[in-house]
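Data block below; observations after.
Heads up: numbering here begins at 1 and tracks the sequence. Small disclaimer: the values here were computed from a predicted structure and weren't measured.
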Amino acid sequence: MRIKSALSVLLAALLSLTILPATAYDSAGLDFLQTTSGGAAESFLIDDNGTLWAWGDNQWGQLGDGTTEDRATPVRVLEGVRSVSAGECHTYAVLEDNTLWAWGRNVSNSFPGSDELVNSLTPIKIMDDVASASTGVCTHLAVKTDGSLWVWGKYIGNRTNKQVSTPQKILDNVAAACTGFGHSLALKQDGTLWAWGQNNNGEVGDGSGRERLTPVQVLDNVAGMSAGYGFSAAVKTDGTLWTWGRNWQGELGDGTTWLWGPNWEWHSSDPEEDAELQETLAAWIERWGAESVRDRSVPSQVLTDVSAVCASNNNTYALRTDGTLWAWGNNHSGDIGDGTTEDRLSPVLVLDHVTQVSVGWDHVLARRTDNTLWTWGSNVTGQLGNGESLFYSHSGFIPRFSAHPIQVMAGLDGHAAPSLSAGSSPAPWAQAAVDEAIASDFLPVPLRTRYDQTITRAEFCALTVRFYESFTGQEITSSSHISFTDTQDPDVEKAASLGIVSGVGEGRFSPESPLNRAQAAVILTNLARIMDFPLPQATPDFSDAGEAGSWALNAIGCVQGTGIMSGVGSGRFAPQDTYTREQSVVTIMNLYQHISRQLTPEEP
């Protein structure tokens, strides 16, 4: 009963779509140098001085800093680096002198000639005369300066699946190469794309669905490519993007999903087994549509005006010629970067002014034209580089992630040492409040960075609206729609429709203007009233309270009397001073605690 057994395996796989190998995936192309790379839960960046920086998971020493300590912010690793590739708990770097270095865990003979070495916490040289390299879980590739391609590990393309620790030459005249999970791609100098390895999902792209033990030609006129988990993507010289292979969560970007391999046999000579197969097939077609059975084992075009592509486990990212970054596929950890956790079956715009993108297990790195680095997605071990990571609360662990791009480094142009973006972590006095706000889903994702930055009027609206909707469990809707001439921000309109905020006159709201302390006091007082927990009346005793104006005096007394806001020292409130993001979060959580005490009064 081969078919029935295979059917059981398939159905079991469909029930565990999220259980995937933890690895990273590279891009490669003509004249392309990979200066950023995301590992399973770690990240790497090469600045314009050739300095390699690393952060994130370091269990096996894969960061290369000589320790096994996780890093939530970048640490310096190596100088004179040209390109970097993160694998499964190990890392490769090609230096300017064409030497290849490796460190971390020696999985699948990733350190050729070092079979006895379990792991290395610091870089060790493994090869000379290397132009570029790519490493993954099973397979490791090096393109030498003479254009020859050398491969070791498993699925190496030399007519055998046996794992080898000595590099084998399999192709000549190669311009670039990259490996995914069990299959690899090589771009020859004549623009032809070649592939080999596992092919159960059509990831090789030759239409056969059969494993290829040696390279086969797939496309011509190719400029760049990327090998993901069970699927592939390539950019042609005319800017068209082509994808093929597995499409479990829309990673091919053609608007559909696809849940079985191209050579799946849906017929059996056994009547009972055949009936079961047909019933299963009909059920999946009904669920996913007729397109779900279309053959994806050959490349099909999905996008135009593309300059580079990067594939991952269940996502694809396309950098277009105008510098915009588009993404699609799985979005459970905010991998797409569009501010949601909704899977996308077709490309959506994520970021502009992008020069390079790299992906890891479920996080993303993007370099921009202003010499800054932006990250998003999962942040369980600090792989986003903003100083945060997985943390624990009274209810257990809360995995951190950002569904919106956040800036984490600046100054990558080589004129000075790169710097961690200011305020990427909250100050110690605000940390507990920020952690609780995130755990309670009170803090919008775009505000989870640069905490010392002055908060704008629109951002404070976003904070109060998120608090209101999360606390009450009700989305703000109003028949009396309020709009302004200078903004269409939905959070501003929601806050205005509730009566929490008002404009600045002449139909304007001034959304980007800094919020001051007097305005914060008024908005917080209004919010408490709208939520049916009005703050008790009190007269402020600050020496400068009168400077706020009569419109804010009562609110300042209310927030002072309840302890929601305090002064700045020396008996002053400083009503005209600006308010930061972390101060805003602390006062929102103070309001939350005030309301909570009223809901559960202390026993006498």
Side-chain angles (χ1 to χ4, degrees), residues 387 419-438 442-444 447-464 467 495 500-505 509-531 533-598 602:
S419 60
L420 187 68
S421 296
S424 58
S425 296
W429 56 267
Q431 184 70 64
V434 169
D435 286 348
E436 187 176 7
I438 293 174
F442 293 161
L443 184 57
L447 300 185
R448 299 182 189 181
T449 184
R450 290 180 284 178
Y451 290 98
D452 63 348
Q453 177 175 295
T454 299
I455 197 167
T456 66
R457 286 167 53 83
E459 289 173 341
F460 200 73
C461 286
L463 178 61
T464 56
F467 173 72
I500 297 173
V501 300
S502 58
V504 296
F509 184 77
S510 191
E512 300 304 318
S513 294
L515 184 84
N516 64 40
R517 290 171 54 83
Q519 292 170 342
V522 171
I523 295 172
L524 291 167
T525 302
N526 289 342
L527 179 59
R529 173 178 52 81
I530 291 298
M531 295 178 69
F533 295 96
L535 304 182
Q537 297 294 312
T539 301
D541 59 7
F542 296 111
S543 61
D544 59 350
E547 298 176 9
S550 58
W551 62 273
L553 196 59
N554 177 68
I556 292 174
C558 290
V559 295
Q560 180 189 15
T562 53
I564 293 173
M565 289 182 70
S566 57
V568 297
S570 303
R572 298 175 60 248
F573 184 75
Q576 302 305 321
D577 282 7
T578 56
Y579 216 44
T580 65
R581 290 179 172 181
E582 56 195 358
Q583 288 172 330
S584 301
V585 175
V586 168
T587 51
I588 277 287
M589 297 313 296
N590 287 343
L591 175 60
Y592 170 64
Q593 296 298 335
H594 173 76
I595 294 175
S596 297
R597 286 193 295 270
Q598 296 186 62
E602 296 181 1

Is there a donor-acceptor pair under 3.5 Å between the side chain of [X] and the backbone N or O of [Y]?
{"X": "Trp429", "Y": "Pro426", "value": "no"}
{"X": "Glu582", "Y": "Ala427", "value": "yes"}
{"X": "Ser543", "Y": "Gly571", "value": "yes"}
{"X": "Glu459", "Y": "Arg581", "value": "no"}
{"X": "Asn590", "Y": "Ile564", "value": "yes"}

Side chains of [X] and [Y]: closer than 4.5 Å at any heavy-atom pair?
{"X": "Asn526", "Y": "Val501", "result": "no"}
{"X": "Phe460", "Y": "Gln519", "result": "no"}
{"X": "Pro575", "Y": "Asp544", "result": "yes"}
{"X": "Gln537", "Y": "Cys558", "result": "yes"}
{"X": "Ile455", "Y": "Gln583", "result": "no"}
{"X": "Phe467", "Y": "Leu591", "result": "yes"}
{"X": "Ile588", "Y": "Leu527", "result": "yes"}

Shortest non-hydrogen separation from [X] to [Y] and the atoms involved:
{"X": "Val522", "Y": "Ala555", "value": "CA-CB, 3.7 Å"}
{"X": "Tyr579", "Y": "Ser584", "value": "CD2-OG, 3.3 Å"}
{"X": "Ala433", "Y": "Val585", "value": "O-CG1, 3.9 Å"}
{"X": "Ala545", "Y": "Leu553", "value": "O-CD1, 3.5 Å"}
{"X": "Ala538", "Y": "Gly561", "value": "CB-CA, 4.5 Å"}
{"X": "Phe442", "Y": "Leu463", "value": "O-CD1, 3.6 Å"}

Inter-residue atom distance [X].[atom1] - [Y].[atom2], 0.5 Å rounding:
{"X": "Gln576", "Y": "Arg517", "atom1": "CD", "atom2": "CZ", "value": "11.0 Å"}
{"X": "Leu524", "Y": "Ile500", "atom1": "CG", "atom2": "CD1", "value": "9.5 Å"}
{"X": "Leu447", "Y": "Thr456", "atom1": "CG", "atom2": "OG1", "value": "8.0 Å"}
{"X": "Leu515", "Y": "Asp577", "atom1": "CG", "atom2": "CG", "value": "12.0 Å"}
{"X": "Asn516", "Y": "Thr454", "atom1": "CG", "atom2": "OG1", "value": "11.0 Å"}

Review point. With under 30° as parallel and over 60° as perpendicular, where do the rings of Phe542 and Phe573 fit, or are they tilted in between?
Key: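 Plane angle between 30° and 60°, so tilted.
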
